[in-house]
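Report on the following structure.
Keep in mind that this is a model prediction, so the values were computed, not measured.
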Amino acid sequence: MKKNVIVGQSGGPTAVINASLYGVVYEALMQKEQIGTVYGMINGIEGFLADTIMDMNSVEQSGELELIKTTPGSFLGSCRYKLPEDLKDDVYPLLFKKFEEYSIGYFFYIGGNDSMDTVSKLSRYAAISGSEICFIGIPKTIDNDLVLTDHTPGFGSAAKYVASTVREIAIDASVYDNKKSVTIVEIMGRHAGWLTAASVLARKFENDNPVLIYLPESAFNTDTFIEDVKKALEHTSNLVVCVSEGINDGNGTFICELASDVGVDTFGHKMLTGSGKYLENLVKEKLGVKVRSIELNVNQRCSSSMISATDQEEAIQAGISGVHFALDGITGKMIAFHRTEGADYSINYVPEDVNLICNQEKTVPPEWITGNGSDIGQAFIDYALPLIQGIVNVPEENGLPKFAYRK
């Protein structure tokens, strides 16, 4: 008997989260002998609880399925809904009753750490309750902080955007190279500095900008920072500095907290903003040079103008692989990327235990951080370069990018 598929997206979008959605939907629609209807959850598990779903066949029939591959944001909408820790909570039998009503046999959730937590809880409840539904996590996050995988879809495109944008900022700053100036670029990353580290890819030669790069993996000292800036200005008058939003003193205090109160989201994570602005004011006070701060904000995660072809293809294949593994009866897994050894870059798609992945964080290896915490080494460059390769042509309409819109 055919079973139906349901797929959802959760957490912050990436430039290729919809490419993974494409992979799941396209492959599921192709498996007509084993799969009936392919449903999409509107606004993730939270929306499913409210019965807001759609038949994804309509997107294929309208021709918009192909457009999804280059559409930014989350086509199905997103949520940050946290399932209860207690598997005896009433929400679980309610969810599984709804799964039964829709004859769901395969559940796919595209997201990051918190989304893998959802897959973990649902697969564990299924085991307890005797449900045969297969639960598969499809990874996505610009933070690149999921464990047991070489990298995550979304990181390559975000890294490409950061490196390209920082290079543009550096060139813009250089027009007044006869006067000292400091430009501080704040980049996303709460505890893991992978995306900020990608700014090193903007360099073209020795002492090129960004000269200084600070990640949350290294304790940040404001006095040392001022000395670093002062020394760098001796050889680079138009200095560009890149910092993670989550830079901290090594004892749990974020630098942005020195200037203002910080709220928390529904998962208890501190909502960070303002590290760049705080350091801007500090440089102005201590050194008296022209200084400005720039926060790249949401563009770094959602911009489709610089999608990495490698990133997009891997995101699609993650979705396709998830369908194949689910049809083989695999459940409670996340599709992980294993990089093969050798000079030529390639990866294998491997199901890893989602229970070992959720609520863990992969940070930048300390040996990849150099300059006493103010620079990034060659090992990271070798790691990241293959992930940003290739150009994706975005369809146009009246000279503007053509995207898919959920109606």
Got a sec: does the CD of Q389 have more than 12 other heavy atoms crowding it under 6.0 Å?
yes
Validation row: K140, V16 side chains within 4.5 angstrom (heavy atoms):
no
Any donor-acceptor N or O pair under 3.5 Å, side chains S303, S305
yes
Look at the aromatic rings of F96 and Y125 and report parallel, tilted or perpendicular, splitting at 30° and 60°.
tilted
Would you say T340 and S346 are linked by a side-chain donor-acceptor pair, where the criterion is simply a distance under 3.5 Å?
yes
So, E66 and Y22: side-chain donor and acceptor under 3.5 Å apart, yes or no?
yes
Nearest 0.5 Å please: distance from the CG atom of L122 over to the CD1 atom of I45.
5.5 Å
Would you say the side chains of S120 and N355 form a donor-acceptor pair under 3.5 Å?
yes
Between N221 and T224, a side-chain donor and acceptor under 3.5 Å
yes
Applying side-chain contact (heavy atoms from CB on, under 4.5 Å), run through T196 and I213 and close with a yes or a no.
CA-CA 7 Å; T196 305; I213 303 171; 3.9 Å; yes
Starting at OG1 of T37, measure out to CE of M54 and round the result to the nearest 0.5 Å.
12.5 Å
More than 12 non-hydrogen atoms from neighbouring residues, nucleotides or ligands closer than 6.0 Å to NZ on K98, yes or no?
yes
Could you verify whether a donor N or O on one side chain and an acceptor N or O on the other, from H191 and E217, lie under 3.5 Å apart?
no
Go through the side-chain N and O atoms of D228 and Y214 and say whether any donor and acceptor fall under 3.5 Å apart.
yes
How about T71 and N18: does a side-chain donor come under 3.5 Å of a side-chain acceptor?
no
Side-chain touch L21/I110, heavy atoms, less than 4.5 angstrom:
yes
Atom pair NZ (K333) and CD1 (I138), whose distance is rounded to the nearest 0.5 Å:
14.0 Å
Should we say atom CZ of F225 is surrounded by more than 12 heavy atoms from elsewhere, each under 6.0 Å from it?
yes
How are the rings of F48 and Y102 set to each other: parallel, tilted or perpendicular (split at 30° and 60°)?
tilted
Between W368 and Y383, what is the ring plane arrangement, given parallel below 30°, perpendicular above 60°, and tilted in between?
tilted
Could I get the full list of side-chain hydrogen bond (donor to acceptor under 3.5 Å, both in side chains) partners for D145, not counting sequence neighbours?
none
Using ring pair (Phe, Tyr, Trp, His ring centres under 6.0 Å) as the criterion, point out the one residue from F108, F107, F325, Y106 that pairs with F135.
F107
Side chain of K180, backbone of L239: donor and acceptor closer than 3.5 Å?
no
Backbone N or O of N209 within a donor-acceptor pair of the R203 side chain at under 3.5 Å?
no
Any V241 side-chain heavy atom under 4.5 Å of V185 side chain:
no
For the residue pair N297 / N299, report whether a side-chain donor-acceptor contact shorter than 3.5 Å exists.
no
Smallest separation among heavy atoms of P153 and D311, with atom names
CA-OD1, 3.4 Å
Could you please spell out the steps behind the side-chain contact (heavy atoms from CB on, under 4.5 Å) verdict for V289 and V229?
CA-CA 11 Å; V289 298; V229 170; 5.9 Å; no
Under a 3.5 Å distance rule, please check whether W194 uses its side chain to pair with a backbone N or O of K362 as donor and acceptor.
yes
Crowded around N207 CG? As in, over 12 foreign heavy atoms under 6.0 Å?
yes
Residues passing the side-chain hydrogen bond (donor to acceptor under 3.5 Å, both in side chains) test with R339, sequence neighbours excluded, are D150
